[in-house]
Novice: 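My structure is below; once you've seen it, I'll send some questions.
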Amino acid sequence: MLAAAAIVALFALALLPANAARRDMEEGRDGLERAKAALLAGDPAAASERFIHAKDAFLRARGHARNPLLRLAGILPVLGRTPDAALALADAGGEIAEAGISIAGGLAELPDGLGSLAPRRGRIPIEPFRQLAGPLDAGLIHFRRAGDSLDRVATSWLLGPLAEARDRFQTQLEPLTRSMEAAAVIVDRFPAFLGADGPRRYLFAAENPAELRGTGGLFGNLSVMTADRGRLTFAPFEPATDIPRLAPGAVEPPNADYARLYPDAAGFISVINLTADFPSAATALQRLYEATRDVRLDGVISADPIALAAMLRVSGPVNAPVLGTVTTDNVVPLVTNEAYALIPDSDARKRLLGEVAQLVLARFLQGAPAADAAAAIADAAANGHLKLHTGDPALQRGLALANADGALPGGQGNVVAPIVNNGAGNKIDFYAKRTVRYQVQLGAEGHARADLRVDIQNGAPATGQPRYVIGPYTDDFDAGENVSLVSIYLPPGVELLESSQSGADDGAGEDTELGHTLLSGSVSIPSGGSAWLQYAIGRSEAWTGTTSHGVYRLTYLGQPTILPTGLRLEIQAPSGTQIVRTSVPMEIGGNRATWQGETTGGELTFEIEFQKPILSRAWDALGRFFQRRVCC
């Protein structure tokens, strides 16, 4: 009885330093958020002060973690490794604060703070990026140390407050470290990209998502952009159709899968980006352009009208011949739809649309607040509307870390990417509205079944628009008809259980591309109609963990489109478990998590953690213990 009372007393006393540590860590976390806001607002001095405040809070938390009462209570099974976990969490938070102090200090050394990085009068300054490279590298070291500290945190027998703090930290640290590494690499290599060591030339390709291709849209207009000591200049835009189609085999395909899946596409610009992997399409495009033009390129940049809208939001409107005032609100419908009626002559229209892109870029480079400009570029890149592929391996790695390279996600995880190519040669995808529903049922021992349904609504008219927009391109189609060639990218090793689609009994085609399973189908949708495709797949090793506790991760890759795609995800945890954490806010009911929203492109990553009730976990742990071999 006395022993039990002593244990209860020790447990109660241990709660005091544990809760104090939690409060200080929450204060430190809030301080980090306030410091980040100050950085983005262009106030590095205030950011530095707040990072120092956060560091002090984490130091106090570290002191509480070393409290003798908490250390002594660590011998109790319920408290387990809580003291060491609190210490490791405080150390990790302190490292993040140190990283912020380094970055804020680096920005404070620049003449105009964050504003020193902003483009001015058509030129992007080079020296500030060189100055910032060192502080970013130092910050990255601290982020990695934070990860090392977090790796020491126990995953069981923790007090609730510290367990919650650990979960939050784990959810946030990995993407933050990835972003930090991306920033360090890009800033380090950006001066070379800008021509600091000599002129660099990049093919700038304007994509038109009104005629969908795997990377987003048809390559419509091209220009060679020259970067020379930070100044960007553009050659006159030319229609992509001016690039001659080369004989099969004249252009080396970027990889074996591309050569097999898209034969002869490397020599024909109209279909060169049927693949959803931009590095593959960009490599083929660069080789084709170099083979038909007397120029040596250092990479390829693509942008669609949604990227232009993001730039106009920062820079303000531009005035274009015939089209008039082009703003962030009207640039997308103007260049992807309305211009076809305003300018019937195809060559004149293509040249003008190229000029619009050039006007927007020139206005953007004349000068804009650095934070706003960076946010616009980052948002366009993250959603697939602005993509870059270069011959600089280090910079390319940084772009990949920032999800700005347009590459397919790594093929080993749970990836789903519904991709459409226009099969009718019209601009009908301006009117297409897609919805995607993905339902996942997690089973025992890592198994999962997923049901995917893609619905496409064709809101295009059959009359009242130029034939160039609504067709028919040939007698094989009707005016206003949407022909969608659908490709579904999935993880390797999935088993296709069922497939069906409206208006056809044909099963899905199966292949592979860059480590992904690739299912294909096609639908023809008349004006005002709709169609659907549906797939059921099974996969082993879809989630990791034990019979008591597990984690499921899913990456959804959205195709850059004009109208947002409606997305609904439903993930049901294994029977007998409950969902205890999701990396992004989701509606949770028992063992089911649901997310619903819209996307116009880019990656969405979801992580769902689930476990059995505590008594069931204890029983499972006991069973695993007695199943071990005790001796030889």
Side-chain angles (χ1 to χ4, degrees), residues 25-26 29-30 32-33 36 85 88-89 92-93 96 143-144 146-147 149-151 153-156 158 160-182 378-379 382-384 400-403 409-417 436-442 446 448 450 490-491 539 541-546 548-558 565 567-574 577-599 601-612:
M25 282 191 278
E26 287 179 348
R29 181 196 64 198
D30 293 342
L32 292 178
E33 289 296 327
K36 175 184 173 183
L89 285 167
I96 298 299
F143 265 82
R144 287 173 173 163
S149 296
L150 206 58
D151 287 341
V153 178
T155 58
S156 60
L158 291 182
L162 289 179
E164 292 172 7
R166 176 207 65 196
D167 291 343
R168 285 196 301 267
F169 216 146
Q170 284 180 325
T171 299
Q172 296 170 3
L173 184 60
E174 184 176 343
L176 282 173
T177 303
R178 180 185 174 98
S179 297
M180 186 68 204
E181 186 174 0
D379 182 65
N383 290 301
L401 288 168
N403 292 329
Q412 297 304 310
N414 294 298
V415 174
V416 58
V436 175
R437 183 168 182 171
Y438 196 58
Q439 298 172 286
V440 182
Q441 171 64 68
L442 304 180
L490 295 164
R539 188 185 185 208
E541 301 180 357
W543 59 270
T544 58
T546 67
S548 299
H549 171 270
V551 175
Y552 172 78
R553 297 177 180 88
L554 171 68
T555 297
Y556 175 86
L557 177 63
T565 295
L567 174 63
R568 181 177 176 87
L569 298 175
E570 298 177 15
I571 300 167
Q572 186 164 337
T577 67
Q578 293 182 331
I579 294 173
V580 295
R581 180 181 63 85
T582 61
S583 59
V584 296
M586 302 179 75
E587 182 180 339
I588 299 175
N591 70 340
R592 182 187 298 271
T594 303
W595 186 92
Q596 189 161 328
E598 291 186 329
T599 173
E603 290 185 18
L604 294 172
T605 300
F606 300 83
E607 182 175 282
I608 292 88
E609 183 179 3
F610 50 88
Q611 63 185 21
K612 288 184 177 179

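If you're wondering where the values come from, they're calculated on a predicted model, not measured in any experiment.
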Novice: Excluding sequence neighbours, so at least two apart, what forms side-chain hydrogen bond (donor to acceptor under 3.5 Å, both in side chains) with Asp379?
Specialist: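 side-chain hydrogen bond (donor to acceptor under 3.5 Å, both in side chains) check on Asp379 returns Asn383.
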
Novice: Once side-chain contact (heavy atoms from CB on, under 4.5 Å) is applied, do any residues pair with Arg553, and if so which ones, sequence neighbours excluded?
Specialist: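 Thr544, Val551, Glu607.
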
Novice: Just to verify, what does Leu567 make a side-chain contact (heavy atoms from CB on, under 4.5 Å) with, not counting sequence neighbours?
Specialist: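 In terms of side-chain contact (heavy atoms from CB on, under 4.5 Å), with neighbours along the sequence ignored, Leu567 is linked to Val436, Tyr556, Leu569, Trp595, Leu604.
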
Novice: Name the one of Arg568, Arg592, Glu570 that satisfies side chain to side chain donor-acceptor pair (under 3.5 Å) with Gln439?
Specialist: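 Answer after filtering Arg568, Arg592, Glu570: Glu570.
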
Novice: Tyr552: what forms a ring-ring contact (aromatic ring centres under 6.0 Å, His included) with it, not counting sequence neighbours?
Specialist: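 Tyr552: no ring-ring contact (aromatic ring centres under 6.0 Å, His included) contacts found.
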
Novice: Taking only residues two or more places apart in sequence, or in another chain, which ones meet Asn591 in a side-chain hydrogen bond (donor to acceptor under 3.5 Å, both in side chains)?
Specialist: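 Checked Asn591 against side-chain hydrogen bond (donor to acceptor under 3.5 Å, both in side chains); zero matches.
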
Novice: For Thr582 and Phe606, what are the C-alpha separation, side-chain angles and deciding distance, and is it a side-chain contact (heavy atoms from CB on, under 4.5 Å)?
Specialist: CA-CA 7 Å; Thr582 61; Phe606 300 83; over 6 Å; no

Novice: Who passes side-chain contact (heavy atoms from CB on, under 4.5 Å) against Gln441, sequence neighbours left out?
Specialist: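 Only Gln572 meet the side-chain contact (heavy atoms from CB on, under 4.5 Å) criterion with Gln441.
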
Novice: By side-chain hydrogen bond (donor to acceptor under 3.5 Å, both in side chains), which residues pair with Gln578, not counting sequence neighbours?
Specialist: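 For Gln578 there are no side-chain hydrogen bond (donor to acceptor under 3.5 Å, both in side chains) partners, ignoring immediate neighbours.
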
Novice: Working to the nearest 0.5 angstrom, can you tell me the gap between Lys36 NZ and Leu176 CG?
Specialist: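 CG of Leu176 is found 6.5 Å from NZ of Lys36.
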
Novice: Search all heavy atoms of Asn414 against all heavy atoms of Ala542 and return the closest pair with its distance.
Specialist: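 Looking at all heavy atoms of both residues, the shortest contact is ND2-O, 2.7 Å.
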
Novice: Can you tell me how far apart CZ (Arg144) and OG (Ser149) are? Round to the nearest 0.5 Å.
Specialist: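 Result: 14.5 Å between the selected atoms.
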
Novice: For the residue pair Leu490 and Val416, establish whether any side-chain heavy-atom pair is separated by less than 4.5 Å.
Specialist: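 Of all side-chain heavy-atom pairs linking Val416 with Leu490, at least one is under 4.5 Å.
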
Novice: Can you list everything that forms a side-chain hydrogen bond (donor to acceptor under 3.5 Å, both in side chains) with Glu598? Sequence neighbours excluded, please.
Specialist: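 Expected list: Lys433.
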
Novice: Check side-chain contact (heavy atoms from CB on, under 4.5 Å) between Leu401 and all other residues, then give those that pass, not counting sequence neighbours.
Specialist: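 So Leu401 forms a side-chain contact (heavy atoms from CB on, under 4.5 Å) with Arg178, Glu181, Ala182, Arg397.
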
Novice: Once ring-ring contact (aromatic ring centres under 6.0 Å, His included) is applied, do any residues pair with Tyr438, and if so which ones, sequence neighbours excluded?
Specialist: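 Not a single residue meets the ring-ring contact (aromatic ring centres under 6.0 Å, His included) criterion with Tyr438.
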
Novice: Might you point out which heavy atoms bring Leu557 and Pro409 nearest each other, and give the distance in Å?
Specialist: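 Heavy atoms only, the tightest pair is CD2-CD, 3.7 Å.
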
Novice: Taking side chain as C-beta onward, heavy atoms only, is Ile608 less than 4.5 Å from Met586?
Specialist: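 The answer is yes; the side chains approach within 4.5 Å.
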
Novice: Check whether any side-chain heavy atom of Val580 lies under 4.5 Å from a side-chain heavy atom of Phe610, and answer yes or no.
Specialist: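 A side-chain contact is absent here, since even the closest heavy-atom pair is not under 4.5 Å.
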
Novice: Below 4.5 Å, heavy atoms only, C-beta onward: do Gln611 and Thr577 meet side chain to side chain?
Specialist: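 In short, these two side chains do not touch, never coming nearer than 4.5 Å.
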
Novice: Determine whether a donor-acceptor pair (N or O, by modelled atom type, separation under 3.5 Å) exists between the side chain of Asn403 and the backbone of Ala382.
Specialist: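 Pair absent, no side-chain N/O of Asn403 close to backbone of Ala382.
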
Novice: Tell me the closest heavy-atom pair linking Pro491 and Val415, and the distance in Å.
Specialist: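 For Pro491 and Val415, the tightest heavy-atom pair comes out as CD-O, 3.1 Å.
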
